[in-house]
Amino acid sequence: MAAGKLYTYPDNFRAFKILIAAQYSGAKISLVQDPPGFKFGETNKSPEFLSKFPLGKVPAFEGNDGVCLSESNAIANYVANSQLRGEDVLSQSQVQMFVNFADSEILPAACNWVFPTLGIMQYNKANTERAKEDVKKALGFLNDTLKTKTFLVGERVTLADISVACSLLLLYKNVLEPQFRAPFTNVNRWFTTLVNQPQAKAVLGEVQLCVKMAQFDAKKFAELS
Amino acid sequence: MAAGKLYTYPDNFRAFKILIAAQYSGAKISLVQDPPGFKFGETNKSPEFLSKFPLGKVPAFEGNDGVCLSESNAIANYVANSQLRGEDVLSQSQVQMFVNFADSEILPAACNWVFPTLGIMQYNKANTERAKEDVKKALGFLNDTLKTKTFLVGERVTLADISVACSLLLLYKNVLEPQFRAPFTNVNRWFTTLVNQPQAKAVLGEVQLCVKMAQFDAKKFAELS
Amino acid sequence: MAHPMMDGIWFDKYKADDAEKAHQEKRAQDLGGLVVQASSPSSQTE
Amino acid sequence: MAHPMMDGIWFDKYKADDAEKAHQEKRAQDLGGLVVQASSPSSQTE
């Protein structure tokens with residue numbers, strides 16, 4: 001079983017999927033996310049770090065056996081177990097389909113919508129509106145998929161569920177207010193089920209669903225940038 | 001072994017990796033890319049297509065057994081064989097690392113640099129310069145990786161090589177003129193080896209490396225947009 | 001219609017289409033406020 | 001420095017940083033030509 005250190009910054013949603021996968025598989029991961037062990041922009045630019053992870057990206061995994069991996073999906077796959085990866089080639093490919101869907105369809109929209117409300121990205125009305133439409137489209141697709149299924153691939157939790165749920169986390173916490181999320185009952189049910197599994201709770205804590213859609217905070221943005 | 005139809009438009013670099021993988025594995029794929037079988041923007045928006053591929057994205061794979069898959073990495077994984085996927089969990093995870101690297105580090109830069117030269121995207125000087133720097137960085141990383149290795153993962157061709165090479169294809173054909181690519185001898189050697197394998201040649205034909213860096217063509221862009 | 005190769009180019013999706021709009025925003029930002037969508041932005045800048 | 005969450009946000013990487021530059025381009029495009037990098041772009045537009 002995989003065991004090692006995960007370098008990241010605190011509250012990195014890309015690290016969450018790895019940590020949740022590890023909770024399911026029992027992989028032993030120690031988190032290195034606070035100084036002096038890890039300081040974003042310093043540790044990951046140091047020669048020692050770059051010798052192990054040439055691109056300087058986090059999350060980055062260093063196994064106790066010396067294995068070094070970057071790219072969150074690759075690390076999640078490595079620390080998972082065969083249930084999470086999918087038990088056969090078709091399931092594994094379907095898992096990859098949802099993992100890629102999360103990265104290319106959900107995340108860009110989620111970040112473009114949510115980041116400005118967190119004050120870490122400039123607000124752009126056109127982009128925010130486009131992001132809202134894309135989120136609706138993605139949720140609609142998931143809602144259809146989950147009409148007759150409990151989980152996205154097969155009959156049990158896989159990396160597909162974990163990845164997609166983690167990519168929706170910022171949305172559910174910050175902007176998907178009750179009225180917005182109401183039409184997507186299957187997704188809401190599935191998401192709530194997932195984040196309330198002990199394996200997810202151990203990583204995410206109690207997830208509070210959004211009550212009122214967060215808006216761009218020009219003052220916060222000015223302070224942070 | 002996987003067998004079925006691949007819907008795409010002609011010369012889709014995302015489809016190439018699937019087709020090359022199929023050449024290695026022996027998966028029987030018939031290409032549906034020309035009218036009346038497939039017309040981009042029509043076929044993939046039709047109710048029949050959307051019932052199988054709800055997001056309307058291509059490439060899209062429909063197996064003879066009814067399996068439907070979208071997302072090129074998922075399809076490539078499905079039609080591959082165990083050599084290409086990686087023979088153990090670590091190799092599979094390393095393959096995923098490179099596949100993700102190709103998508104998130106190479107492709108954005110490649111498209112932002114090359115698309116304007118093809119007249120399919122507006123030119124932006126700042127973006128093009130940034131893209132060039134990012135391409136240099138990515139090639140530098142690959143060059144180091146390939147210093148002591150023939151292939152990216154293990155001792156044989158995997159989806160890592162196929163994905164990364166396909167993401168570099170637009171660059172090598174259009175903008176990586178001899179002077180620009182000169183420092184990256186290991187990458188050049190590896191890329192040339194790969195695209196000259198019979199499995200790649202069957203899909204890509206003869207790949208002509210760029211002689212002179214293509215530039216933005218305002219006239220072509222005006223015509224196409 | 002956009003070239004098929006632009007389909008699925010997620011990293012290009014959220015560039016504001018309208019350069020004018022970007023300029024508006026820059027201006028609004030310079031003025032320290034939020035962006036107000038003008039009905040005819042170009043008439044305000046030139 | 002940018003927030004760590006912006007790291008690896010590939011889809012945001014190629015937005016032109018400078019809205020002014022986008023405006024310049026729009027203008028250049030409107031004029032039917034290529035973009036010429038002005039040393040002091042803002043002085044030309046306002």
Side-chain angles (χ1 to χ4, degrees), chain A residues 1-2 14 18 21 25 27 50-51 53-57 60-61 63 65-82 84-86 88-105 107-108 134 137-138 140-145 153 159-160, chain B residues 1-2 14 18 25 27 50-51 53-57 60-61 63 65-82 84-86 88-108 134 137-138 140-145 153 159-160:
Chain A
M1 185 161 320
R14 290 178 205 280
I18 298 165
S25 72
L50 292 172
S51 73
F53 308 101
L55 295 170
K57 288 173 73 181
F61 176 81
D65 56 3
V67 163
C68 289
L69 271 180
S70 58
E71 296 290 345
S72 60
N73 297 328
I75 304 170
N77 187 71
Y78 187 61
V79 306
N81 57 23
S82 58
L84 294 181
R85 289 182 201 115
D88 51 56
V89 170
L90 176 57
S91 306
Q92 286 155 14
S93 304
Q94 289 170 327
V95 166
Q96 283 200 30
M97 178 173 75
F98 283 105
V99 168
N100 279 276
F101 166 77
D103 280 352
S104 63
E105 302 290 322
L107 270 186
D134 285 346
K137 198 178 159 196
F141 163 67
L142 290 172
N143 205 52
D144 285 345
T145 305
V153 176
L159 286 174
Chain B
M1 184 162 320
R14 291 179 205 279
I18 297 166
S25 71
L50 293 172
S51 73
F53 308 100
L55 295 170
K57 287 172 73 180
F61 176 81
D65 55 2
V67 162
C68 288
L69 270 181
S70 57
E71 296 290 345
S72 60
N73 297 329
I75 304 171
N77 187 71
Y78 187 62
V79 306
N81 57 22
S82 58
L84 293 181
R85 289 182 201 114
D88 52 54
V89 170
L90 175 58
S91 307
Q92 285 155 16
S93 304
Q94 288 170 328
V95 166
Q96 283 200 30
M97 177 173 76
F98 282 105
V99 168
N100 279 276
F101 165 77
D103 280 352
S104 64
E105 302 290 322
I106 300 176
L107 271 186
D134 285 346
K137 198 177 158 197
F141 162 67
L142 290 172
N143 205 52
D144 285 346
T145 305
V153 176
L159 287 173

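Each chain gets a letter, A, B and so on, in the order the sequences are listed, and its residues count up from 1. Owing to the predicted nature of the structure, the values given are computational and were not obtained by experimental measurement.
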Self-check item: Closest contact, heavy atoms only, B/Leu55 versus A/Lys137
Solution: O-NZ, 4.2 Å

Self-check item: Heavy-atom side-chain contact between B/Ile75 and A/Ser93 under 4.5 Å
Solution: no

Self-check item: Separation of B/Leu90 CG from A/Asn77 CG (nearest 0.5 Å)
Solution: 10.0 Å

Quiz prompt | Residue pair B/Asn100, A/Asp103: steps toward the side chain to side chain contact (heavy atoms under 4.5 Å, CB included) verdict | solution = CA-CA 10 Å; B/Asn100 279 276; A/Asp103 280 352; 4.0 Å; yes

Quiz prompt | For chain B, the option from A/Pro54, A/Ala2, A/Ala74 that forms the most heavy-atom pairs under 4.5 Å | solution = A/Ala74

Exercise. Mind running side chain to side chain contact (heavy atoms under 4.5 Å, CB included) on B/Gln92 and A/Gln92 for me, showing each step along the way?
Key: CA-CA 11 Å; B/Gln92 285 155 16; A/Gln92 286 155 14; 5.9 Å; no

Self-check item: Toward chain B, the part of A/Tyr78 with a non-hydrogen atom under 4.5 Å
Solution: both

Quiz item: Can you tell me how far the CG atom of A/Asn73 sits from the CD atom of B/Gln96, to the nearest 0.5 Å?
Solution: 6.5 Å

Exercise. Specify the closest pair of heavy atoms between B/Met97 and A/Leu69, including all atoms of both residues, with the distance to one decimal.
Key: SD-CD2, 3.9 Å

Practice problem: Kindly give the heavy-atom pair with the smallest separation between B/Ser104 and A/Glu71, and that separation in Å. | Solution: OG-OE2, 3.7 Å

Quiz item: Which answer fits A/Val89, side chain, backbone, both or neither, if we ask what part of it has an atom under 4.5 Å from a heavy atom of chain B?
Solution: both

